[in-house]
Number of protein chains: 2
Amino acid sequence: MALRIYSKQREQVLETVKSMDPHPSADDVYHRVRRRLPHISLGTVYRNLNQLVETGDLSCVRDGKMVRYDWETGHHQHFRCELCGVLQNVKVSNKEIMNLLSQYSGMIINEIDLEIKGVCGDCSERN
Amino acid sequence: MALRIYSKQREQVLETVKSMDPHPSADDVYHRVRRRLPHISLGTVYRNLNQLVETGDLSCVRDGKMVRYDWETGHHQHFRCELCGVLQNVKVSNKEIMNLLSQYSGMIINEIDLEIKGVCGDCSERN
DNA sequence: ATAAGAATAGTAATCGTTACTATTCTTATT
DNA sequence: AATAAGAATAGTAACGATTACTATTCTTAT
Ligand SMILES: [Mn+2]
Ligand SMILES: [Mn+2]
Ligand SMILES: [Zn+2]
Ligand SMILES: [Zn+2]
């Protein structure tokens, strides 16, 4: 892996994501960044997107079998419309989730999908 | 499509999932069900797992780029251990999530990943 | 200017899953 | 029990998102 050095490709990938609608896929970014760098390859876009997530310059979110990228790096959750499929950011601290759930009476909330991440009992003992 | 008729393959897929550890992948089910039906094909396992989810006999949960299946069909959420990767069921009504988050002081909760599903503003207007 | 080694473009490979197709099985009707 | 319509199957090919590979180009410290 080693040190990270400058490349115009990485710079453009980052700038491009920041200029796009929320949550573009790697392919979305690829096609958009090609306007400025017509010879950039899809692999380069993937590599740089993933590096930018590692460095914290971007975040990402799974969407089915696809990953989408996000210039919003702060803690936030997502709202999925079951009709049009749009994925919207919902900025909310974890401790306000219950408030959110009751507060969003304007939105019709049918279901939530929560994954709690942490350390399980077995691993707690083991460490 | 069309009416669903009996097949011993579907019966065994369901029974096998019910007999396995939680959240087997399609491939896990395939290998286990092969003990009883050595000639079953992977496509048949996939088709039947998905049908069983449709009929509500099973549920499923995404795990990265893979889907895992679940004989627990009631509303529940999941806990992911960040050390060993285990995916555990957490039975909790949506309205008790806040309680859960504070109550599970025994587990070290580092992060939550919440997807709220419903109907967005645009779609609400449109309907 | 040079050299070491990151990063790249282009392509092949991977992997979970779905699609396809000829054949077999289930079920309702006689 | 024999028949016929059409589900379901086994086996295989194809798919789509992503990663791996490799020869070449670019960046940066000296
Ligand atoms: Mn987001
Ligand atoms: Mn579960
Ligand atoms: Zn919508
Ligand atoms: Zn663990």
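Chain letters run A, B, ... following the sequence lines, proteins first and then strands; every chain starts at 1. Computed from a predicted structure; not experimentally measured.
Residues passing the ring-ring contact (aromatic ring centres under 6.0 Å, His included) test with A:His78, sequence neighbours excluded: A:His23, A:His76. With sequence neighbours excluded, the residues that form a side chain to side chain contact (heavy atoms under 4.5 Å, CB included) with B:Arg126 are B:Asp122, B:Cys123. Contacts of A:Thr44 classified as side chain to side chain donor-acceptor pair (under 3.5 Å), with partners at least two apart in sequence or in another chain: A:Ser41, A:Arg47. Residues forming a side chain to side chain donor-acceptor pair (under 3.5 Å) with A:Tyr30 (at least two apart in sequence, or on another chain): A:Arg34. Taking the side chain to side chain contact (heavy atoms under 4.5 Å, CB included) definition, one finds that A:Asp57 meets it with A:Leu14, A:Leu52, A:Thr55, sequence neighbours left out.
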Problem set entry | Nucleotide-resolved protein contact map, nucleotides 19-30 of chain C, B/S/- at heavy-atom distance under 4.0 Å | -------SS---
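Using a 3.5 Å distance cut-off with no hydrogens or angles, the side chains of B:Tyr46 and B:Asp27 do not pair a donor with an acceptor.
The closest donor-acceptor contact from the side chain of B:Arg10 to the backbone of B:Leu49 lies at 3.5 Å or more, if one exists at all.
The side chain of B:Arg10 contributes an N or O atom lying less than 4.0 Å from OP1 or OP2 of D:dA8. Residue B:Gln9 has no polar side-chain atom (N or O) positioned under 4.0 Å from OP1 or OP2 of D:dA8.
Judged as a side-chain hydrogen bond (donor to acceptor under 3.5 Å, both in side chains), the pairs with a partner in residues 11-20 of chain A (not counting sequence neighbours) are, in order, A:Tyr6-A:Glu11.
DNA chain D forms stems at C:1-30 with D:1-30, each a run of 3 or more consecutive Watson-Crick or G-U wobble pairs whose two key distances fall under 3.5 Å.
The stretch residues 50-65 of chain B comes close to DNA chain C through B:Asn50, B:Lys65, each having a heavy atom under 4.0 Å from the strand. Contacts of residues 19-41 of chain A with DNA chain C (heavy atom under 4.0 Å): A:His39, A:Ile40, A:Ser41.
With rounding to whole Å, A:Tyr46 atom OH is found 7 Å from D:dA17 atom P. The distance from atom CG of B:Leu42 to atom C1' of D:dT12 is 11 Å, rounded to the nearest whole Å. One interatomic measurement links the two molecules: OH of B:Tyr69 to C1' of C:dT17, which rounds to 9 Å at whole-angstrom precision. If you measure from atom CG of A:Asn48 to atom C1' of C:dA9, you get 13 Å, rounded to the nearest angstrom. Here C:dA9 presents its P atom at 12 Å from CD of A:Gln12, a figure rounded to the nearest Å.
From B:Asp70, atom CG reaches atom SG of B:Cys60 across 9.0 Å, with rounding to the nearest 0.5 Å.
Atom CZ of B:Arg62 is surrounded by more than 12 heavy atoms from other residues, nucleotides or ligands within 6.0 Å.
Taking a 4.5 Å side-chain heavy-atom cut-off between Ile, Leu, Val, Met, Phe, Trp and Tyr, the cluster of A:Val86 contains only that residue. Counting side-chain heavy-atom gaps under 4.5 Å among Ile, Leu, Val, Met, Phe, Trp and Tyr, the cluster of A:Leu87 also holds A:Val61.
Residues B:Ile112 and A:Leu114 form a side-chain contact, since some pair of their non-hydrogen atoms from C-beta on lies under 4.5 Å apart.
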